[in-house]
**Student:** 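Could you have a look at this structure, given as structure tokens, before my questions?
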Amino acid sequence: MTVESLPAAALPYGRLVPVTVHFDDLDALGMLHNSRYPLLVERAWAEYWHGQGFGFDGDWAAAGDMCNVIKEMRVSYERPVTRPGHYAAHLWIERLGRTGLTYGFRLCSADGGETYAHGHRVLVRVDSATLRPTPWSDRARAVAGELIRPERDEPGTAADAA
């Protein structure tokens, strides 16, 4: 099943991708378990890239840009999600380097109005044979370029400078 991005008319940058919180995602206190926030965001990113024609079928040699590793991840929890239902992941690119990229995210209400958590994740594309950093393809750079967040006053998080 492919999930389509929600209209981003109210968003100044990025995409809003629907996510669903299920009853079994909640912890014993009735709150979304802390490990589920990044999982929901990762699933939203996978849906986004899949919708752009990128995928992984188990063959790392053929994975191309999908052959990447996590260098860093940060999540700040703002308020708890306390019930199952429809929410969204607001996704964007903070920085696109030669071999790395930093993506930003918010787990938010379905309309993007309320933020429950936010953060960033740094990825490095690697060669499947050597596991060494390798440049993103022109196609991946073009797709990622559409999600780059405009410059901000505060310092951003940098992906690898390679």
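All values below were derived from every heavy atom in this structure, side-chain atoms included, with hydrogens, water molecules and symmetry-related copies excluded.
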**Student:** Please say yes or no: joined through hydrophobic side-chain contacts below 4.5 Å, possibly via intermediate residues, are I70 and L39 part of one cluster?
**Tutor:**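 They do not share one cluster, since no chain of ILVMFWY contacts under 4.5 Å joins I70 to L39.
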
**Student:** Quick one: does L26's side chain get under 4.5 Å of P84's, heavy atoms only?
**Tutor:**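 Yes - at least one pair of side-chain heavy atoms lies under 4.5 Å apart.
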
**Student:** Does D127 come within less than 4.0 Å of R132, counting only side-chain N to carboxylate O?
**Tutor:**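 A salt bridge is absent here (no side-chain N lies under 4.0 Å from a carboxylate O).
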
**Student:** Using 0.5 Å steps for rounding, measure from the CG atom of D25 to the OG1 atom of T20.
**Tutor:**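 The distance works out to 9.5 Å.
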
**Student:** Taking I93 as the starting point, is it possible to reach M73 by hopping between hydrophobic residues whose side chains are less than 4.5 Å apart?
**Tutor:**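 As far as the 4.5 Å side-chain criterion goes, I93 and M73 are connected within one cluster.
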
**Student:** Using side chain to side chain contact (heavy atoms under 4.5 Å, CB included), reason through R125 and M66 one step at a time and then give a plain yes or no.
**Tutor:** CA-CA 8 Å; R125 180 169 183 224; M66 298 306 283; over 6 Å; no

**Student:** Measure the shortest side-chain to side-chain distance between N68 and V124 over non-hydrogen atoms and say whether it is less than 4.5 angstrom.
**Tutor:**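 No, side chains not in contact.
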
**Student:** Any carboxylate oxygen within less than 4.0 angstrom of a Lys/Arg side-chain nitrogen, looking at E114 and R79?
**Tutor:**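 The answer is yes: the pair qualifies as a salt bridge.
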
**Student:** Please tell me if the side chains of R15 and E146 come closer than 4.5 Å, counting only heavy atoms from C-beta onward.
**Tutor:**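 A side-chain contact exists here, since the closest heavy-atom pair is under 4.5 Å.
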
**Student:** Just do the side chain to side chain contact (heavy atoms under 4.5 Å, CB included) check on D65 and W49 with the steps written out, would you?
**Tutor:** CA-CA 10 Å; D65 294 292; W49 284 105; over 6 Å; no

**Student:** CG of D138: more than 12 outside heavy atoms within 6.0 angstrom?
**Tutor:**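 Open.
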
**Student:** Report yes if the side chains of W45 and L91 come closer than 4.5 Å at any heavy-atom pair, otherwise no.
**Tutor:**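 Contact flag for W45/L91 side chains = yes.
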
**Student:** Assess the residue pair L147 and L96 against the criterion (side chain to side chain contact (heavy atoms under 4.5 Å, CB included)); give the C-alpha distance rounded to whole Å, side-chain angles, the decisive distance to 0.1 Å, and a yes or no.
**Tutor:** CA-CA 10 Å; L147 296 180; L96 177 58; over 6 Å; no

**Student:** Considering all heavy atoms of both residues, which atom of A89 and which atom of A44 are nearest to each other, and what is their separation?
**Tutor:**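 It is CB-CB, 3.6 Å.
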
**Student:** Whether the side chain of H22 engages the backbone of D24 through a donor-acceptor N/O pair (distance < 3.5 Å, no angle test) should be reported.
**Tutor:**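 Side chain of H22 to backbone of D24: no pair is present.
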
**Student:** Less than 4.5 Å apart, side chain to side chain, heavy atoms only: is that true for R121 and E42?
**Tutor:**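 When only atoms from C-beta onward are counted, E42 and R121 do touch, with a gap below 4.5 Å.
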
**Student:** Measure the shortest side-chain to side-chain distance between P18 and H86 over non-hydrogen atoms and say whether it is less than 4.5 angstrom.
**Tutor:**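 Of all side-chain heavy-atom pairs linking H86 with P18, none is under 4.5 Å.
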
**Student:** What about the rings of Y77 and Y37, do their centers lie closer together than 6.0 Å?
**Tutor:**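 Under 6.0 Å, so yes.
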
**Student:** Taking atom CG of D59 and atom SG of C67, what is their separation to the nearest 0.5 Å?
**Tutor:**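 SG of C67 is found 10.0 Å from CG of D59.
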
**Student:** Can you tell me how far the SG atom of C108 sits from the OH atom of Y87, to the nearest 0.5 Å?
**Tutor:**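 Between C108 SG and Y87 OH, I get 11.0 Å after rounding to 0.5 Å.
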
**Student:** Nearest 0.5 angstrom please: R74 CZ to T102 OG1, how far?
**Tutor:**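 Rounded to the nearest 0.5 Å, the CZ-OG1 separation comes out at 11.0 Å.
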
**Student:** Evaluate the side-chain proximity of H90 to Y13: yes if any heavy-atom separation is below 4.5 Å, no if none is.
**Tutor:**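 They are in contact (side-chain heavy atoms under 4.5 Å apart), so the answer is yes.
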
**Student:** Measure across A110 and L16 and return the closest heavy-atom pair with its distance rounded to 0.1 Å.
**Tutor:**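 Smallest interatomic distance, heavy atoms only, reads O-CD2, 3.6 Å.
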
**Student:** Does the side chain of L107 reach to within under 4.5 Å of the side chain of L40, using non-hydrogen atoms?
**Tutor:**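 Yes. Closest side-chain heavy atoms under 4.5 Å.
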
**Student:** Please answer: with hydrophobic residues joined when any side-chain heavy atoms are less than 4.5 Å apart, are M31 and V41 in the same cluster?
**Tutor:**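 Cluster IDs for M31 and V41 differ.
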
**Student:** Tell me, yes or no, whether the heavy-atom count around R141 atom CZ, taken from other residues, nucleotides or ligands under 6.0 Å, exceeds 12.
**Tutor:**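 Yes, because the 6.0 Å sphere around CZ of R141 holds more than 12 heavy atoms from other groups.
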
**Student:** Looking at every heavy atom in both S35 and P38, which two are closest together, and how far apart are they?
**Tutor:**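 Looks like O-CD, 3.5 Å.
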
**Student:** Could you walk me through whether R106 and W92 satisfy the side chain to side chain contact (heavy atoms under 4.5 Å, CB included) test, starting with their C-alpha distance in whole Å, then the side-chain angles of each, then the deciding distance to 0.1 Å, before giving a yes or no?
**Tutor:** CA-CA 9 Å; R106 289 187 310 127; W92 66 88; 3.9 Å; yes

**Student:** Determine, for F54 and R139, whether the Lys NZ or Arg CZ falls below 6.0 Å from the six-membered ring centre while staying within 45 degrees of the axis.
**Tutor:**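 Yes.
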
**Student:** Can you tell me how far CZ of F105 sits from NE2 of H118, rounded to the nearest 0.5 angstrom?
**Tutor:**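 Between H118 NE2 and F105 CZ, I get 9.0 Å after rounding to 0.5 Å.
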
**Student:** Could you give the distance from CH2 (W136) to OG1 (T99), rounded to the nearest 0.5 Å?
**Tutor:**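 That separation rounds to 8.0 Å.
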
